Trainee: 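Structure in structure tokens, see below.
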Amino acid sequence: MSKFKVFVTRRLPIALDRLDPIADVEVWSERQPPPDDVLLEKIGAIDGLLCLLTDQIDRHLIEAGTSLKVISQMAVGYDNIDIPTATARHLPVGHTPDVLTDATADFAWTLLMTAARRVVEADRFVRAGQWQTWEPDLLLGANIAGATLGIVGLGRIGQAVARRAKGFDMRILYADRQRLDIEQSLGAECVTFDRLLQESDFVTIHAPLTEDTYHLFSQPQFQCMKRSAILINTARGQIVDSEALYQALKERQIAAAALDVTDPEPIAPQSLLLTLDNLMITPHIASASRPTREKMASMAIANLVAGLRGDRLPHCVNPEVYQ
Ligand code: DGY
């Protein structure tokens, strides 16, 4: 029997030898994602696509994938893939939930604590030779213990963030589409989005990017927030209106922000956001612990293999394709 053909859009952190018995695999080895014309050329001739969140898998690509049996994405989020088109063509799409929950929650906390206590500014200060003595008002930051944490989106990652907050004796508020039973064990209170903005000292975003969450944070929301508030985003950059964030930080409408995701990604080196002292940015690395990325790759391969074999994907974002 001839082997399946697979295209993997970047080098993965694990070996792909599990695929050898069943597939001929081509791996895009450049650092940048394959351009659209390359994807278009490849997709017409493959049975399986293993892609990343940086690959825009639009309708024209999916429709060109006439022999495509599966799209497997190495990420939990899949807003870069046109799911309705894939579903209409009975094409299963896989993703990698759960395995990155703790790493991402840990990183949201890393950003929260680093921003609260101005660690990046402090490091720059020392390296610039400005540390002259102990000063009572040097680099004063915010208290974390006892503060109010507002979680936007109490899914898997939001819940893991809340569990960590309990150890800091925080008051935990959350806003979600619905009230969740888990709130009791987390000690979290469901509030309206506006109330969460008004009362939180830290606001952390854990919602997916959808039409409803696009620019969920813009000028009116920043105006609602405390002037001392700190915003953390490890979800998707487009949930925050970058221009409005720039104004809010510049005019100190909010105290600070820490972003692992930006709009666009990567952020342009000339972006005005990069001129601000009260903003910290990391390059979309919340899930980037080695064991986590290895598990994500392994799960993506498991989804891919299942799809090639015509089996149900272990983690499918559009299970309707099986009905
Ligand atoms: C995801 O998986 O969606 C994250 O953004 C990257 O790990």
Side-chain angles (χ1 to χ4, degrees), residues 8-14 28 31-34 49-58 70-83 86 92-112 151-161 164 176 203-217 231-240 242 257-267 280-304 307 313-318:
V8 181
T9 64
R10 226 70 54 79
R11 287 206 199 101
L12 302 188
I14 59 170
W28 180 257
R31 195 165 169 210
Q32 293 297 326
L49 176 70
L50 198 157
C51 57
L52 309 186
L53 52 88
T54 43
D55 305 311
Q56 201 56 46
I57 311 298
D58 288 338
V70 57
I71 298 175
S72 174
Q73 161 124 313
M74 185 185 137
V76 64
Y78 45 84
D79 46 89
N80 57 310
I81 303 175
D82 181 344
I83 301 296
V93 178
H95 71 147
T96 62
D98 297 323
V99 288
L100 48 72
T101 298
D102 283 324
T104 307
D106 287 347
F107 199 75
W109 265 93
T110 305
L111 293 184
L112 187 156
I151 302 178
V152 180
L154 198 68
R156 284 177 286 249
I157 298 172
Q159 290 171 27
V161 167
R164 285 152 178 75
D176 206 313
V203 175
T204 182
I205 307 176
H206 300 289
L209 174 65
T210 62
E211 278 177 9
D212 291 340
T213 62
Y214 177 82
H215 283 194
L216 183 64
F217 283 79
L231 176 72
I232 295 108
N233 189 5
T234 52
R236 285 292 181 268
Q238 288 136 295
I239 298 175
V240 176
S242 305
L259 311 177
D260 185 48
V261 287
T262 58
D263 178 24
E265 280 185 20
I267 191 165
M280 196 173 87
I281 304 190
T282 52
H284 205 148
I285 54 168
S287 66
S289 73
R290 183 172 296 284
T292 299
R293 287 285 169 88
E294 289 176 355
K295 282 187 207 151
M296 288 167 70
S298 179
M299 256 173 118
I301 292 173
N303 280 328
L304 181 78
L313 309 197
H315 296 94
C316 186
V317 304
N318 55 347

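Treat the numbers as computed from the prediction; the structure is a model and nothing was measured. Remember, it's 1-based here, ligands and their atoms both numbered in the order they're listed.
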Trainee: Just jot down the ligand 1 atoms closer than 4.0 angstrom to any heavy atom of Arg236, in number order.
Mentor: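 That gives atoms 1 (C), 3 (O), 4 (C), 5 (O) of ligand 1.
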
Trainee: Counting N and O atoms only, with roles assigned by atom type, does the side chain of Thr213 sit under 3.5 Å from a partner on the main chain of Ile239, one being a donor and the other an acceptor?
Mentor: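 Not a single qualifying donor-acceptor pair exists.
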
Trainee: Is there a donor-acceptor pair closer than 3.5 Å between any side-chain N or O of Thr96 and the backbone N or O of Ala75?
Mentor: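 Present.
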
Trainee: Let's go through Asp98 and Lys295 carefully: what are the C-alpha distance in whole Å and the side-chain angles of both, what is the deciding distance for salt bridge (charged side-chain N to carboxylate O under 4.0 Å, His left out) to 0.1 Å, and is it a yes or a no?
Mentor: CA-CA 10 Å; Asp98 297 323; Lys295 282 187 207 151; over 6 Å; no

Trainee: Considering only heavy atoms, does Val261 approach ligand 1 within less than 4.0 Å through its side chain, its backbone, both, or neither?
Mentor: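 Neither part.
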
Trainee: So which heavy atom in the protein is nearest atom 1 (C) of ligand 1, and how far is it from that ligand atom?
Mentor: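 Answer for atom 1 (C) of ligand 1: Val76 N, 3.5 Å.
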
Trainee: Looking at Leu100, which atoms of ligand 1 are within less than 4.0 Å of one of its heavy atoms?
Mentor: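 Answer for ligand 1: 2 (O), 7 (O).
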
Trainee: Consider ligand 1: state whether an atom of it lies below 4.0 angstrom from any non-hydrogen atom of His284.
Mentor: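 For ligand 1, residue contact (heavy atoms, under 4.0 Å) with His284 is present.
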
Trainee: First locate atom CG of Leu52, then atom CG of Leu12, and finally report the distance between them rounded to the nearest 0.5 Å.
Mentor: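 Those atoms lie 7.0 Å apart.
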
Trainee: Can you tell me if His95 has a non-hydrogen atom under 4.0 Å from ligand 1?
Mentor: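 His95: no contact with ligand 1 (<4.0 Å).
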
Trainee: Only heavy atoms of Gly77, strictly under 4.0 Å: list the atoms of ligand 1 that pass.
Mentor: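 Counting from 1, the qualifying ligand atoms are 1 (C), 2 (O), 3 (O).
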
Trainee: Show, in sequence, the C-alpha distance, side-chain angles and deciding distance for Asn80 and Gln73, and conclude whether the side-chain hydrogen bond (donor to acceptor under 3.5 Å, both in side chains) test is met.
Mentor: CA-CA 10 Å; Asn80 57 310; Gln73 161 124 313; 2.8 Å; yes

Trainee: For Ile81, run the side-chain contact (heavy atoms from CB on, under 4.5 Å) check against Asn318, Asp58, Ile71, Val317 and tell me which one passes.
Mentor: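 With Ile81 as partner, Asn318, Asp58, Ile71, Val317 yield a single side-chain contact (heavy atoms from CB on, under 4.5 Å), made by Ile71.
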
Trainee: Run the numbers for me: atoms of ligand 1, each under 4.0 Å from some heavy atom of Ser287, listed by number.
Mentor: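 Counting from 1, the qualifying ligand atoms are 6 (C), 7 (O).
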
Trainee: Looking only at heavy atoms, is any part of Ala75 under 4.0 Å from ligand 1, and if so is it the side chain, the backbone, or both, or is it neither?
Mentor: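 Ala75 to ligand 1: contacts from backbone and side chain alike.
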
Trainee: Please tell me if the side chains of Pro314 and Asn303 come closer than 4.5 Å, counting only heavy atoms from C-beta onward.
Mentor: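 Touching, per the 4.5 Å side-chain cut-off.
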
Trainee: Side chain, backbone, both or neither: which applies to Thr104 and ligand 1 if a contact is any heavy-atom pair less than 4.0 Å apart?
Mentor: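 Contact part for Thr104 vs ligand 1: neither.
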
